[in-house]
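What follows is a single structure, written as structure tokens, with notes after it.
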2 protein chains.
Amino acid sequence: MRHVTINDLARRLNLSASTVSRALRDHPDISEQTKERVRAIAAKTNYQPNLIAQSLQTRRSNNIGVIVPEIRNSFFSTVISGIEDLAYESGYTIMVCQSDDTFERETINTRALAANRVAGMLVSVSQETADFTHLKQVLAQGVPIVLFDRVVDQINAPKVVVDDFNGAFQAVTHLIETGRKRIAHLTSAGSLYVAEKRREGYEAALHAHGFAVRPEYIIEGGCHEEDGREGARRLLTLEKPPDGIFAINDPVALGALLYLQDNQVMVPEQVGLVGFSDNPNAVLVRPALTTINQPAYDIGKTAASLLLDILESGTLEHDKTITLETRLVVRGST
Amino acid sequence: MRHVTINDLARRLNLSASTVSRALRDHPDISEQTKERVRAIAAKTNYQPNLIAQSLQTRRSNNIGVIVPEIRNSFFSTVISGIEDLAYESGYTIMVCQSDDTFERETINTRALAANRVAGMLVSVSQETADFTHLKQVLAQGVPIVLFDRVVDQINAPKVVVDDFNGAFQAVTHLIETGRKRIAHLTSAGSLYVAEKRREGYEAALHAHGFAVRPEYIIEGGCHEEDGREGARRLLTLEKPPDGIFAINDPVALGALLYLQDNQVMVPEQVGLVGFSDNPNAVLVRPALTTINQPAYDIGKTAASLLLDILESGTLEHDKTITLETRLVVRGST
DNA sequence: CTGAAAGCGCTTACAG
DNA sequence: CTGAAAGCGCTTACAG
């Protein structure tokens, strides 16, 4: 019933715990014969090393903590898949928390992971977070953090992002090239790094092609489908509604698409629409959504590999930022 | 830089570690004054209890292990969200692994979680798994398991499922009631419990309405979108193609939908289509997908709460099965 | 090649 | 009300 321990094995073999421990870890000092005896009894009794005890003793952990705003968001669950795959290959296990995009929950999650003495953390910060002491305290304790997607400058840690500026620039340029003259942007309120960069890309593309940035065409809302509906609704109330929309992400774009169609606005004939992410469901809608592909799975793998490198090497380049390329995927909505 | 320990606090206050420990846990024996001194220094030094050491000592863990076939699958990521939310409320952290639907990886994940001495596990078994000793060993060590969705009879553990039989029965009855005469079923090869139950429901509904089960209308494939495409392709090659399709899940249904539309088969006019799950993207496609709603988030919450009950009470009703109700959601595809 | 001892950071009977 | 001691299950210098 209870877990078998090293002492149990030692007793049964008339050996010391030290010897059993060494045999299990294949220490060169131990005779081959002893090793075999130990291995045999370990297998027979289904001995499983207690990683908790091991961690306490060695002060090393094989767990890495992950904090995302929302697990069920397709982008984040794909990132987590990437993280888990790499962690698995390297013998690590991941502890996953969601902040629900609240500061409070992110703080509590951070403490819980720290208390669990994870080897490091992979964090995508919540939309609400403006105070970063919880993360700074983790760093101060010598636990490395790698930020991804929702990164912030205030924390001195390596970051994995996509080229949001350029992606947005591509998206808006594409709308312009397909003849759109009045291009709106559905973005999120607050100060998300990715939102800022995408908005800068939007504005830069307009400027680059001689268009003015018109404040009434920039709608600040949230990041979900319903925000897209609401944004589209507000745009349709304008005296001169836009003929092109660049949405901050795919859920928002899909919400806008459905709202437009429900209100007899034809996409792409009357309004061209571009999202950001290339979620799996971008290809399910009709017209399929033109969007900016963001390699979610690779973001996870890259962030995890960055963290694992730090853990192996013990050194930390806290100013390192890896920027993954985005790619315009043209489908039916433009 | 290093983590502050109870001994550090004790030294600074000229107290023993025992007293500090008791003060921190608000033990009634300790004077209020001492408690305050301890709390003050703990806060000042950013002391965080080492849960690893605590776990080792108390032989209790606040981690629960979760194994799913695939994190990025929308159904499973929603289940995980439910699990995490409940775990969070109860002060637990979750360790998440994906088996990639392989036996090997599921086994390794199980061992890793066991080695990490999780308090319990929530498992949805892989499609390949036919040998269950890895899970039985966990149970034998006194670690409770709750199975969900992909449950198996061979393991003596509580289970959380949806009423797959009845859901399938509803789906097929609905197709019959909308006038379909030749109803096909896209299912998965292998011996998944859910696949079996849904197929039984499909056959029972046909019988109940006086239809024969025709083997050529049952296509065994996989669980993903491409399997739906392939299944639809094969159905269209039949001499008498079906006028109704019940798919094992939404991804398969969506694949079928897209294939049919790409081949000029009108849905719902020529073929009525019903999925299973009610994934978020069921409402994104046109026509929107008629499907069986399966409360993914609630499955996660229910499974987690079952496990937490076991952990609190210490008793385990291993024959308990909670069946959540499914609900037919009629949309445009029928 | 093997063992005794100390210690990782905690908790908790047992004394006083 | 507080402390000394033992122990959770390991690992690893230090001896022999």
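Below, chain A is the first sequence line, B the second, and so on; all start at residue 1. Treat the numbers as computed from the prediction; the structure is a model and nothing was measured.
- D:dA13: no Watson-Crick or G-U partner with both key distances under 3.5 Å is found in any strand.
- For B:T5 and A:V20, each mapped to the nucleotide of DNA chain C holding its nearest heavy atom, the one lying further toward the 5' end belongs to A:V20.
- Rounded to an integer number of Å, the gap from B:R59 CZ to C:dC10 P is 17 Å.
- The distance from atom NE2 of A:H27 to atom C1' of C:dC1 is 10 Å, rounded to the nearest whole Å.
- Side chains of B:T107 and B:T110: a donor-acceptor N/O pair is absent below 3.5 angstrom, by distance only.
- The residue B:S55 sits apart from the nucleic acid: no heavy atom pair falls under 4.0 Å.
- Counting only heavy atoms from C-beta on, A:S16 has its side chain closest to C:dG3 among D:dT2, C:dT11, C:dG3.
- Contact annotation: the side chain of A:E84 never approaches that of A:T93 to less than 4.5 Å [non-hydrogen atoms, C-beta and beyond].
- Heavy atoms of A:R22 sit under 4.0 angstrom from at least one base atom.
- Protein atom CG of A:N14 is 13 Å distant from nucleotide atom P of C:dT2, rounded to whole Å.
- Distance, A:D29 CG to D:dA15 P: 16 Å, rounded to whole Å.
- Counting to the nearest Å, the C1' atom of C:dC10 and the CD atom of B:Q57 are 6 Å from each other.
- The base-pairing partner of C:dA4, taking Watson-Crick or G-U wobble contacts with both distances under 3.5 Å, does not exist among the strands shown.
- Within 4.0 Å of B:I6, counting heavy atoms only, lie sugar-phosphate atoms of the nucleic acid but no base atom.
- Spacing between atom CZ of A:R60 and atom P of D:dT12 amounts to 10 Å, rounded to whole angstrom units.
- Within the 4.0 angstrom heavy-atom criterion, only backbone atoms of the sugar-phosphate kind lie near B:S31; the bases stay farther away.
- Nucleic acid contact for A:L15: sugar-phosphate only, since backbone atoms but no base atoms lie under 4.0 Å from a heavy atom of the residue.
- Distances shown here put every side-chain N or O of A:S18 at or beyond 4.0 Å from the OP1 or OP2 atom of C:dA4.
- Side-chain polar atoms of B:E106 and B:H134 form a donor-acceptor pair below 3.5 angstrom.
- In this structure, the nucleotide among C:dT12, C:dC8, D:dT2 sitting nearest to the side chain of A:L56 is C:dC8.
- Atoms CG (A:L9) and P (D:dG9) sit 12 Å apart, rounded to a whole Å.
- In this structure, of D:dG3, D:dC10, C:dT12, it is D:dC10 that holds the atom nearest to the side chain of A:Y47.
- Per the geometry, NE2 belonging to B:H3 stands 15 Å off C1' belonging to C:dC10, to the nearest Å.
- Residue A:T34 has no polar side-chain atom (N or O) positioned under 4.0 Å from OP1 or OP2 of C:dC1.
- Listed pair B:S21 / C:dT11 meets the phosphate criterion, a side-chain N or O lying under 4.0 Å from OP1 or OP2.
- A close approach under 4.0 Å does not occur between any side-chain nitrogen or oxygen of B:R117 and OP1 or OP2 of D:dC8.
- For A:S305 and A:T302, the side-chain atoms include no donor-acceptor pair closer than 3.5 Å.
- When side chains are defined from C-beta on, A:S74 does not count as touching B:S74, because their heavy atoms never get closer than 4.5 Å.
- When side chains are defined from C-beta on, B:V38 counts as touching B:L24, because their heavy atoms get closer than 4.5 Å.
- Contact annotation for A:N50: backbone-only contact, meaning every heavy-atom pair under 4.0 Å involves sugar-phosphate atoms and none involves a base.
- The side chain of A:Q54 approaches D:dT11 more closely than any other nucleotide in the set D:dA13, C:dT12, D:dT11.
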